[in-house]
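Sequence lines set the chain letters: A, B, ... in the order given, protein chains first and strands last, and positions in each chain run from 1. Note that the structure is predicted; figures quoted are calculated from it, not measured.
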Number of protein chains: 2
Amino acid sequence: MTLADQTFALPPVAEDRAAMIRDHLRDAIVDRRLAPGTKLNEAEVGTLFDVSRTVVRAALQALAFEGLVKTERNRGAFVANPTPEEARQVFASRRLIEPGLALAAAQRITSGEVAAFRERLHHESELLHQRGPTARRAEIHASGDFHLLLAKVAGNAILLRFMEELVARSSLVIALYGRSGASSCGHGDHGNILAALEQRDGELAGRLLLTHIDHIEADLDLRNTSNLALRDALVTDAHRLP
Amino acid sequence: MTLADQTFALPPVAEDRAAMIRDHLRDAIVDRRLAPGTKLNEAEVGTLFDVSRTVVRAALQALAFEGLVKTERNRGAFVANPTPEEARQVFASRRLIEPGLALAAAQRITSGEVAAFRERLHHESELLHQRGPTARRAEIHASGDFHLLLAKVAGNAILLRFMEELVARSSLVIALYGRSGASSCGHGDHGNILAALEQRDGELAGRLLLTHIDHIEADLDLRNTSNLALRDALVTDAHRLP
DNA sequence: CGCGCCGAAATTGTATGCAATCTTGTCTTG
DNA sequence: CAAGACAAGATTGCATACAATTTCGGCGCG
């Protein structure tokens with residue numbers, strides 16, 4: 001009845017504020033609205049979302065666990081600034097996990113899920129044709145969503161969570177080390193992968209995923225740390241060493 | 001000098017209290033001193049470790065991220081009570097990840113690391129011959145450490161963290177669904193795996209790992225939920241459903 | 001002019017207090 | 001006697017206050 005509807009309609013807005021702040025911050029980081037190295041002041045974030053520092057700390061702790069934020073004792077939380085080595089490890093992990101997801105997904109995928117994939121691909125290709133930073137952000141976001149959808153279809157909640165973390169961190173890595181701003185997913189790889197899944201050829205989908213990850217990583221400039229590390233040090237924590 | 005020694009000797013005790021409490025609780029859960037479903041009262045844990053609830057909450061939140069603790073809003077934190085489905089997903093994830101770790105580890109393993117493995121295996125076999133619950137706990141712990149060492153040798157920090165979570169959750173699963181208390185690792189599988197790594201045969205090590213995981217999972221009783229779920233419900237949260 | 005020291009301001013770490021919610025035992029009522 | 005209502009107690013969610021630490025500007029000194 002209307003009563004029951006109202007009791008459900010009112011509270012969902014204020015359901016869990018720490019989770020809400022965490023999600024907003026994560027979106028901002030993944031969309032590159034918050035640059036790597038940016039300091040996340042507890043009080044500032046708190047006033048921004050109109051909550052106390054207690055709640056902000058919970059959100060920041062969650063993001064730290066996901067690897068999107070790095071906290072240093074008595075110094076605060078910063079948007080993560082992955083090193084080239086960490087970047088390689090992110091992609092190595094994805095190369096290990098995603099073919100397995102493809103195998104599982106190919107067996108389980110339903111026609112409804114295929115439709116959902118198609119819709120996402122369509123959205124993605126539309127974004128590719130647009131210009132401007134907003135479209136770029138949305139494109140990176142949508143590209144990640146493709147891989148998350150793959151993980152969802154595979155049906156393993158634990159691996160899905162791992163992939164959520166890996167996709168988010170990939171976005172950070174691309175932000176830091178991406179050469180061209182755009183070529184991350186312009187190859188149409190996603191379409192081919194979906195086609196393989198549709199034919200329930202998980203092996204093929206896995207192979208395509210590997211070359212797809214190769215494409216992404218090939219666009220990165222992970223050349224050795226010296227100059228980049230210097231820049232990192234200057235940007236983020238120049239005043240730290242003893 | 002003695003001064004430097006003291007400045008290092010004093011603070012490490014009180015370095016980060018939330019992390020310390022988290023580690024203590026995790027050990028207790030993994031060692032089965034805290035049964036699945038046990039309520040972790042914030043005030044109680046706080047007085048136990050002589051800290052405020054603030055610190056306890058941080059520790060519990062961290063454990064919730066790792067999947068060892070489940071929190072319910074306004075109801076508190078409980079030692080996780082994985083369902084058979086979750087248990088299957090834990091092992092499916094390990095089957096996907098560990099052969100990849102073996103491949104990397106076989107390439108990178110050093111003689112020093114081989115020695116560390118041997119020492120651990122020796123420790124493990126000693127525990128196997130002992131009786132009593134303390135030895136059982138230590139044995140489960142040691143068995144997990146073998147897999148964590150493998151992940152360390154593989155050299156990927158992200159996958160190492162994933163494995164830490166998976167190993168800990170495996171321990172919970174074995175506690176809940178293990179048939180015999182002991183057969184989890186009595187097959188000597190670990191020795192064979194190490195031998196393969198030593199010969200840098202990562203493929204073989206990976207295959208051995210898969211059969212090893214099969215052995216562990218074969219000792220579980222994951223038959224479908226009905227009666228087990230009932231028991232879970234009775235034990236842990238009988239008063240929750242509407 | 002550079003360099004290190006010192007103190008105020010800012011920021012984080014932790015404890016505590018209060019409001020909201022859930023739990024539990026009792027009592028009423030059919 | 002069973003079932004539901006209700007109130008007291010216990011517990012969590014959150015905000016705030018205070019202590020500990022770091023940061024940063026200025027000052028004196030080589």
Exercise. Hey, is the side chain of A:R75 poking within less than 4.0 Å of OP1 or OP2 on D:dT21, counting only N and O atoms?
Worked result: no
Problem set entry | Rounded interatomic separation in angstrom, taking CG from A:L40 and P from C:dT12 | 10 Å
Exercise. CG of A:N41 versus C1' of D:dT23: gap in Å, rounded?
Worked result: 13 Å
For this session: Nearest whole angstrom, please: distance from the P of D:dT16 to the CZ of A:R53.
Result: 12 Å
Seminar exercise, completed: When rounded to whole Å, the CZ to P distance for the pair B:F78 and C:dC22 reads 13 Å
For this session: Using a cut-off of strictly less than 4.0 Å between a heavy atom of the residue and any atom of DNA chain C, enumerate the qualifying residues of residues 45-52 of chain A by number.
Result: none
Exercise. Rounded to whole angstroms, how far apart are CG on A:N74 and C1' on D:dT22?
Worked result: 7 Å
Exercise. In whole angstrom, what separates B:E42's CD from C:dT14's C1'?
Worked result: 15 Å
Seminar exercise, completed: Whole-Å distance, B:Q61 CD to D:dT12 P, equals 15 Å
Problem set entry | Phosphate contact (C:dT16 OP1 or OP2) by B:R57 side-chain N/O below 4.0 Å | no
Problem set entry | Integer-rounded Å distance: D:dA10 C1' and B:E44 CD | 12 Å
For this session: Ignoring backbone atoms, test whether A:K39 places a side-chain nitrogen or oxygen under 4.0 Å from the OP1 or OP2 oxygen of C:dT12.
Result: yes
Problem set entry | Phosphate contact (C:dG13 OP1 or OP2) by B:R17 side-chain N/O below 4.0 Å | no
Exercise. Hey, does the Lys NZ or Arg CZ of A:R94 hover above the aromatic six-ring of A:F162, less than 6.0 Å from the centre and inside 45° of the axis?
Worked result: no
